Peer 1: 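Quick one: structure below, then a few questions.
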Amino acid sequence: MAPEDEPADAAPRRPRRPTSGLSVRAKAVLAAAGTVAFAIALCMLALVLALQHNLRASADLDAQKAAVAIKGQLGRTQTMPKRAFIVAPGGVTIKDASGRTVTPVAPTDPSATKPTWRSTPPAELAEPLGAGQPYSVRVSPSTTSLDSATGLLLRQAAPAAAGLVLFVAGLTWLLVGRALRPVAAMRQEFTEITERALHRRVPVPPARDEIHRLARTMNATLDRLHRAMTRQRQFVADASHELRSPIAAVRAQLELVLARPSRTDWPTAVHKALRDTDRLQAVASDLLLLARLDAQETPPTAAVDLGALAAEEVRRHPGALTMDGDQEGVAVVTGSRVQLSRLLTNLADNARRHTRTTVSVGVAVEGGTVELAVDDDGPGIPEADRERVFERFTRLDDARARHDGGTGLGLAIANDIAHAHGGTLTALTSPRGGARLLLRLPRAG
């Protein structure tokens with residue numbers, strides 16, 4: 001849509017930040033060199049400030065000593081001579097009692113170790129000074145040594161600082177390149193891993209550092225992907241096998257009917273075909289529900305009374321199911337009523353196929369957990385198979401026949417629904433001698 005076609009109340013789009021094209025290696029070099037340069041600059045600034053402070057203090061002290069010496073010399077003479085040679089580090093200012101100033105001129109004694117100023121006072125200052133007559137001498141500090149020392153320090157330290165920054169940059173470039181060498185090998189290997197080569201793994205460097213942990217994490221992720229892909233392929237193969245049997249049965253029945261239409265009991269043939277069609281429909285519905293659970297689609301959730309749900313299931317199968325206790329209105333959980341009803345139906349159907357008499361359903365509240373137990377008095381589930389029984393298309397040895405309508409998906413669907421609602425589903429031994437399927441869900445509120 002053109003900019004002029006955008007609605008007036010549309011939120012302004014934030015401009016995307018330009019992505020940096022620098023590599024990790026270059027960023028590390030810039031960070032190291034910048035840090036060292038900043039640290040050297042701070043150190044140089046502190047050194048220059050300290051040097052200037054010390055030199056200023058020394059110059060001030062020299063000026064004070066010179067002023068005291070000049071004042072002592074003038075005090076001894078009690079007169080301002082026509083020509084006075086005064087040794088001072090800087091400019092000299094002499095004032096008499098009336099505030100008149102004698103201004104020094106340039107030095108004329110080349111053999112003096114310090115600047116020698118020739119003072120030529122006005123005529124009136126040649127008059128004798130009375131004893132105790134006040135006068136003042138002021139000597140300006142010299143900044144020559146300060147400027148020379150500061151310039152010399154900067155001229156000598158700047159090349160050394162630049163060389164140190166370049167050395168750190170080069171060393172960082174080499175060390176980071178060596179440290180990232182395993183990453184390049186991992187990247188090369190990872191680009192060659194496809195869905196047909198999930199058995200391959202990235203190389204793990206021997207050093208116990210962050211890259212070592214990254215490689216282990218990537219390999220662990222690849223392990224999970226490999227297991228998920230293997231499970232998915234096995235699931236597709238099992239689903240194909242499960243769908244092929246009723247399809248083959250319907251096809252055989254239809255071919256037999258067409259081969260001898262005059263001797264066919266049409267109502268019986270149609271009923272057999274309908275049974276196989278129902279089986280196909282049940283398998284297709286279970287597969288669709290499993291696909292939704294795998295996709296983690298969030299169904300509409302609400303407060304569900306698990307006690308009332310169990311009572312409804314018992315009323316649908318009078319004589320086959322019995323209810324232990326009455327927890328209606330107390331055992332409330334949060335979730336999808338449709339999915340929880342499907343979970344309870346699957347548990348009850350599984351128990352009815354294996355029980356000898358009746359199946360009991362019990363609901364209890366334990367603290368913040370709601371427990372639903374489905375018990376039968378059948379042969380039970382061996383302890384070695386109590387985890388495997390929740391896998392898809394799993395049938396135990398005494399339940400492999402398909403004439404009872406089992407698809408091997410009922411408990412797998414129930415287990416996935418329980419986990420989707422933040423609960424657990426476990427297989428235990430029932431007090432009645434058979435199997436107990438115990439559902440635990442967090443209580444609402």
Side-chain angles (χ1 to χ4, degrees), residues 227-228 231-232 234-239 241-243 245 278-279 281-294 296 299 306 309-310 313-314 316-317 320-321 333 335-336 338-356 358-363 370-430 432-441:
R227 288 194 298 269
R231 181 185 178 189
Q232 189 71 18
Q234 184 64 35
F235 175 71
V236 172
D238 292 340
H241 178 72
E242 197 69 28
L243 292 172
S245 298
D278 291 339
R279 180 176 179 78
Q281 185 177 2
V283 173
S285 299
D286 290 344
L287 293 177
L288 180 59
L289 179 57
L290 284 173
R292 290 175 177 173
L293 292 174
D294 289 341
Q296 298 181 351
L306 210 58
L309 206 64
E313 185 68 22
V314 171
R316 281 198 297 267
H317 302 280
L321 299 178
V333 299
S336 169
V338 175
Q339 290 189 2
L340 291 175
S341 178
R342 177 64 182 275
L343 184 153
L344 183 57
T345 300
N346 287 3
L347 296 182
D349 291 346
N350 178 79
R352 286 191 299 111
R353 282 196 295 269
H354 298 91
T355 191
R356 294 187 179 92
T358 59
V359 176
S360 64
V361 180
V363 180
V370 176
E371 296 183 351
L372 185 145
V374 180
D375 296 295
D376 64 67
D377 57 356
I381 301 175
E383 188 173 355
D385 297 326
R386 289 179 182 176
E387 293 291 336
R388 191 170 63 89
V389 75
F390 295 111
E391 296 178 0
R392 299 173 183 182
F393 297 106
T394 296
R395 294 184 179 87
L396 302 183
D397 293 338
D398 58 352
R400 290 188 180 278
R402 292 181 172 85
H403 60 79
D404 59 354
T407 62
L409 294 176
L411 293 184
I413 292 175
N415 188 48
D416 288 350
I417 293 176
H419 285 288
H421 285 74
T424 59
L425 181 62
T426 54
L428 305 171
T429 300
S430 172
R432 302 177 59 185
R436 163 174 281 193
L437 294 174
L438 181 61
L439 170 68
R440 290 188 176 94
L441 292 176

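The structure presented is a predicted model; accordingly, all values stated were derived computationally and were not measured. Below, all heavy atoms of this structure are taken into account, side chains as well, without hydrogens, waters or symmetry copies.
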Peer 1: CZ of Arg316: more than 12 outside heavy atoms within 6.0 angstrom?
Peer 2: yes
Peer 1: In Å and rounded to the nearest 0.5 Å, what is the CD1 to CD distance from Ile381 to Glu387?
Peer 2: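 One finds 11.0 Å between CD1 of Ile381 and CD of Glu387.
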Peer 1: Distance-only, no hydrogens or angles: does the Arg440 side chain make a donor-acceptor pair with backbone N or O of Thr426 under 3.5 Å?
Peer 2: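 Checked: no pair found.
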Peer 1: For Asp375, which residues count as a side-chain hydrogen bond (donor to acceptor under 3.5 Å, both in side chains) partner, sequence neighbours excluded?
Peer 2: Ser430, Arg436
Peer 1: Taking Thr355 for the side chain and Ala351 for the main chain, is one N or O donor matched with an acceptor at less than 3.5 Å?
Peer 2: no
Peer 1: Taking all non-hydrogen atoms of both residues, which atom of Arg386 and which atom of Thr429 are closest, and how far apart?
Peer 2: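 For Arg386 and Thr429, the tightest heavy-atom pair comes out as NH2-OG1, 2.5 Å.
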Peer 1: What closest approach, in Å, do Leu306 and Val363 show between heavy atoms, and which atom pair accounts for it?
Peer 2: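 Between these two residues, the closest heavy atoms are O-CG2, 4.3 Å.
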Peer 1: For the side chain of Asp376 and the backbone of Ala435, is there at least one donor-acceptor N/O pair under 3.5 Å apart?
Peer 2: yes
Peer 1: How close do Leu344 and Leu309 get, heavy atom to heavy atom, and via which atoms?
Peer 2: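 Nearest pair, atom of Leu344 first, then Leu309: CD2-O, 3.5 Å.
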Peer 1: Considering all heavy atoms of both residues, which atom of Ala414 and which atom of Asn346 are nearest to each other, and what is their separation?
Peer 2: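 Answer, listing the atom of Ala414 first, then Asn346: N-ND2, 4.2 Å.
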Peer 1: Start with the C-alpha distance between His421 and Gln339, add both sets of side-chain angles, then the distance that settles side-chain contact (heavy atoms from CB on, under 4.5 Å), and finish with yes or no.
Peer 2: CA-CA 10 Å; His421 285 74; Gln339 290 189 2; 3.4 Å; yes
Peer 1: One thing to verify: whether Arg392 and Asp286 come together as a salt bridge, which I'm taking to mean a side-chain N less than 4.0 angstrom from a carboxylate O.
Peer 2: no
Peer 1: Holding to side chain to side chain contact (heavy atoms under 4.5 Å, CB included), I want the full list of residues that pass it with Arg227, two or more places apart in sequence or in another chain.
Peer 2: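 Side chain to side chain contact (heavy atoms under 4.5 Å, CB included) list for Arg227, sorted by chain: Asp223, Arg224.
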Peer 1: Using only atom types and a distance under 3.5 Å, with no angle test, would you say the side chain of Asp416 pairs donor to acceptor with the backbone of Leu293?
Peer 2: no
Peer 1: Can any side-chain N or O of His354 pair as donor or acceptor with the backbone N or O of Asn350 at less than 3.5 Å?
Peer 2: yes
